[in-house]
Amino acid sequence: EDQVTQSPEALRLQEGESSSLNCSYTVSGLRGLFWYRQDPGKGPEFLFTLYSAGEEKEKERLKATLTKKESFLHITAPKPEDSATYLCAVQAGDVNNDMRFGAGTRLTVKP
Amino acid sequence: NAGVTQTPKFQVLKTGQSMTLQCAQDMNHEYMSWYRQDPGMGLRLIHYSVGAGITDQGEVPNGYNVSRSTTEDFPLRLLSAAPSQTSVYFCASSYGSGRGETQYFGPGTRLLVL
């Protein structure tokens with residue numbers, strides 16, 4: 001059965017303390033892996049799409065990487081405004097109805 | 001552009017009541033979908049539409065109906081609310097339904113069924 005598991009469930013960092021969030025998946029025929037950011041009381045906001053193993057994408061302090069079994073979201077020198085829940089989703093088929101979401105990692109960055 | 005809008009933001013229902021959650025987008029997206037988000041679980045797909053007049057079931061469709069009469073609107077109907085439908089509901093849209101299409105989410109509707 002297709003599964004997406006994110007770890008850790010929650011992560012507390014000091015401002016400037018770099019770390020990584022993990023998204024491991026077991027799907028057959030990965031078509032795309034998505035990272036979203038979700039602030040409390042709001043909808044998910046798109047960050048990155050990765051399509052194949054070895055691919056990397058960056059945006060400000062965030063860098064997403066992809067292997068055949070997992071993706072990492074690296075956060076370099078985080079700031080308090082990076083505090084949010086980060087969601088990972090995988091698309092296993094050719095259409096969006098094959099999207100599977102992880103439960104998310106809740107990141108708190110203390111000043 | 002307003003993007004994806006949802007109304008209401010918050011709703012309390014009694015068991016057995018019916019209601020419609022509204023979703024609209026102004027990006028001329030063909031694909032629209034409804035998800036529910038529960039604590040400790042990932043977003044789960046309820047229903048989706050690949051264009052006006054075309055809808056289909058997702059992972060958790062029981063207790064919900066949808067229709068798509070225009071490109072812009074995709075309402076979600078709860079026929080007879082149950083406490084198990086207490087959740088946060090998100091509508092999303094994308095330009096197409098194919099591989100790697102980015103979905104854009106609305107702000108959500110929080111539903112409490114007593």
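Proteins come first, then strands; the chains are lettered A, B, ... in the order of their sequence lines, and each starts at number 1. The figures that follow rest on heavy atoms only: side chains count, while hydrogens, waters and symmetry mates do not.
Put simply, CZ on A/Phe101 and CZ on B/Phe90 are 10.5 Å apart, with the number rounded to the nearest 0.5 Å.
Listed here is the closest heavy atom pair of A/Thr67 and A/Ala53: C-CB, 4.0 Å.
Side-chain contact check for A/Tyr25 and A/Arg100: no donor-acceptor pair (N or O, by modelled atom type) lies under 3.5 Å. Defined by atom type and a distance below 3.5 Å, a donor-acceptor pair is present between the side-chain atoms of A/Ser20 and A/His74.
Proximity to chain A is absent for every atom of B/Gln6, based on heavy atoms less than 4.5 angstrom apart. In this structure, the portion of A/Gln38 lying under 4.5 Å from any heavy atom of chain B is its side chain and not its backbone. Contacts of B/Arg44 with chain A are absent, with no heavy-atom separation under 4.5 Å from either backbone or side chain.
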